[in-house]
Amino acid sequence: MTVGTFYDHSMSEPTPFARQPTLTGELVTLRPIRAEDADLVDALLREDPEVARLTGSLHSSTEAYEGPPLDRLREIYGQWAVAEDRLVLAVIDTASGLLVGEAVLNDWDEGNRSCGFRILVGAPGRGRGLGTEATRLIVRHGLETMGLHRITLEVYDFNPRARHVYEKAGFRHEGTGREALLFDGEWIDVHYMGILGGGLATPGERGGGRSPQPIQ
């Protein structure tokens with residue numbers, strides 16, 4: 001897990017990330033992350049090796065996930081909860097009321113009104129469209145409410161399911177980093193994808209046109 005740096009907003013105007021929204025869909029609710037959520041996210045990562053593999057955190061199928069100590073992880077999530085250079089939202093399964101992952105806008109480029117996107121959905125939340133709806137909700141918020149122009153992401157070649165979700169949300173393939181990850185002795189490509197304001201896809205629509213209508 002990459003902690004990154006934190007924006008110093010002590011002498012600055014509020015950033016587009018200062019507002020911590022709650023975004024509600026049919027399948028999920030996205031709410032601001034809390035320090036205590038670190039315990040649940042840590043459990044998702046440790047109980048489901050597939051999550052760490054698909055995010056490129058491991059280099060072998062026999063390697064165990066080793067994240068930060070739980071006390072440190074709680075500190076990180078506490079910092080993220082008040083950070084003004086990223087938006088970290090917990091993904092709550094409407095059916096069960098349980099936290100099943102997180103959706104994140106980060107790597108903010110203020111001058112170009114762009115940022116990165118990542119999403120984590122553990123085994124309890126997969127296969128039911130929760131990731132797709134969570135992606136649409138946070139991307140729409142970023143492009144429409146926050147006024148971002150561009151959101152980008154990376155997805156490894158051995159994760160076609162995630163790429164399909166991103167395409168449904170309106171992301172387009174922009175390039176490939178060849179042999180970017182060594183896993184089980186084989187080199188894995190990484191794909192770069194992006195979406196622009198006006199490129200959102202409505203539910204049931206594959207890809208995004210350049211229409212202004214809003215929308216993993």
> Check ring-ring contact (aromatic ring centres under 6.0 Å, His included) between Tyr192 and all other residues, then give those that pass, not counting sequence neighbours.
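Counting only residues at least two positions away or on another chain, Tyr192 forms no ring-ring contact (aromatic ring centres under 6.0 Å, His included).
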> Start with the C-alpha gap between His191 and Asp157, add the side-chain angles, then the distance that decides, and say whether side-chain hydrogen bond (donor to acceptor under 3.5 Å, both in side chains) holds.
CA-CA 7 Å; His191 300 291; Asp157 195 54; 2.8 Å; yes
> Before accepting this row, confirm whether a basic side-chain N of the pair Asp71/Arg74 lies closer than 4.0 Å to the acidic partner's carboxylate O.
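A salt bridge is present here (some side-chain N lies under 4.0 Å from a carboxylate O).
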> So which atom in Leu23 and which in Pro21 form the shortest heavy-atom distance, rounded to 0.1 Å?
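So the minimum-distance heavy-atom pair works out to CD2-CB, 3.9 Å.
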> Check for a donor-acceptor pair, side chain of Thr15 on one end and backbone N or O of Asp85 on the other, with a separation under 3.5 Å.
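Not confirmed, Thr15 side chain does not pair with Asp85 backbone.
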> What are the two closest non-hydrogen atoms of Gly175 and His173, and how far apart are they?
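Scanning both residues completely, I find the closest heavy atoms to be O-NE2, 3.0 Å.
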> Atom CD1 in Ile151, atom NE2 in His141: separation rounded to 0.5 Å?
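Going from the CD1 atom of Ile151 to the NE2 atom of His141 covers 9.5 Å.
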> Looking only at heavy atoms, what is the nearest atom pair of Ala134 and Ile119, with distance?
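Between these two residues, the closest heavy atoms are CB-CD1, 3.8 Å.
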> For residues Thr176 and Asp189, is any side-chain donor paired with an opposing acceptor at under 3.5 Å?
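No, because no side-chain N or O of Thr176 sits under 3.5 Å from a partner of the opposite role on Asp189.
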> Spell out, as yes or no, whether a donor-acceptor pair under 3.5 Å connects the side chain of Ser60 to the backbone of Thr62.
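Confirmed, Ser60 side chain pairs with Thr62 backbone.
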> Might you work through the salt bridge (Lys or Arg N to Asp or Glu O under 4.0 Å) test for Asp48 and Arg126, ending with a clear yes or no?
CA-CA 11 Å; Asp48 185 5; Arg126 289 206 292 267; 2.7 Å; yes
> List the steps and the verdict of side-chain hydrogen bond (donor to acceptor under 3.5 Å, both in side chains) for Glu47 and Tyr65.
CA-CA 9 Å; Glu47 295 170 5; Tyr65 169 76; over 6 Å; no
> Please determine whether salt bridge (Lys or Arg N to Asp or Glu O under 4.0 Å) holds for the pair Arg118 and Glu102, giving the CA-CA distance in whole Å, both sets of side-chain angles, and the decisive distance to 0.1 Å.
CA-CA 8 Å; Arg118 66 173 176 82; Glu102 63 186 22; 2.7 Å; yes
> Under a 4.0 Å N-O cut-off, is there an ion pair linking Glu167 with Arg172?
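Salt bridge absent between Glu167 and Arg172.
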> With the threshold set at 4.0 Å, does a side-chain nitrogen-carboxylate oxygen contact exist between Glu75 and Arg72?
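Here Glu75 pairs with Arg72 in a salt bridge, since their nearest N and O are under 4.0 Å apart.
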> Mind listing the closest non-hydrogen atom pair of Tyr77 and Arg34 along with its distance?
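Minimum heavy-atom contact is CB-O, 3.8 Å.
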> Please answer whether the main-chain N or O of Glu26 pairs with a side-chain N or O of Glu133 as donor and acceptor at a distance below 3.5 Å.
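Checked: pair present.
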> Which heavy atom in Ala90 sits nearest to a heavy atom in Ile33, and how many Å separate them?
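Looking at all heavy atoms of both residues, the closest pair is CB-CD1, 3.8 Å.
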> Using 0.5 Å steps for rounding, measure from the CG atom of Asn106 to the CG atom of Leu87.
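So the CG of Asn106 and the CG of Leu87 are separated by 10.0 Å.
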> Assign the ring pair Phe117 / Phe171 to parallel, tilted or perpendicular, where the plane angle (0 to 90°) is split at 30° and 60°.
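Parallel.
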> Determine, for Asp42 against Arg46, whether the closest basic-nitrogen to carboxylate-oxygen distance falls under 4.0 angstrom.
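So Asp42 pairs with Arg46 through a salt bridge.
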> So, are Arg128 and Asp93 salt-bridged, with charged N and O less than 4.0 Å apart?
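A salt bridge links Arg128 with Asp93.
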> Could you tell me whether Glu174 and Arg150 have a side-chain N and a carboxylate O separated by less than 4.0 Å?
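Judged by the 4.0 Å cut-off on N to carboxylate O distance, Glu174 and Arg150 do form a salt bridge.
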> Judged by atom type as modelled, is there a donor-acceptor pair below 3.5 Å linking the side chain of Asp107 to the main-chain atoms of Cys115?
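It does not hold such a pair.
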> Evaluate side chain to side chain contact (heavy atoms under 4.5 Å, CB included) for Val91 paired with Leu99, printing each intermediate quantity in order.
CA-CA 6 Å; Val91 179; Leu99 184 152; over 6 Å; no
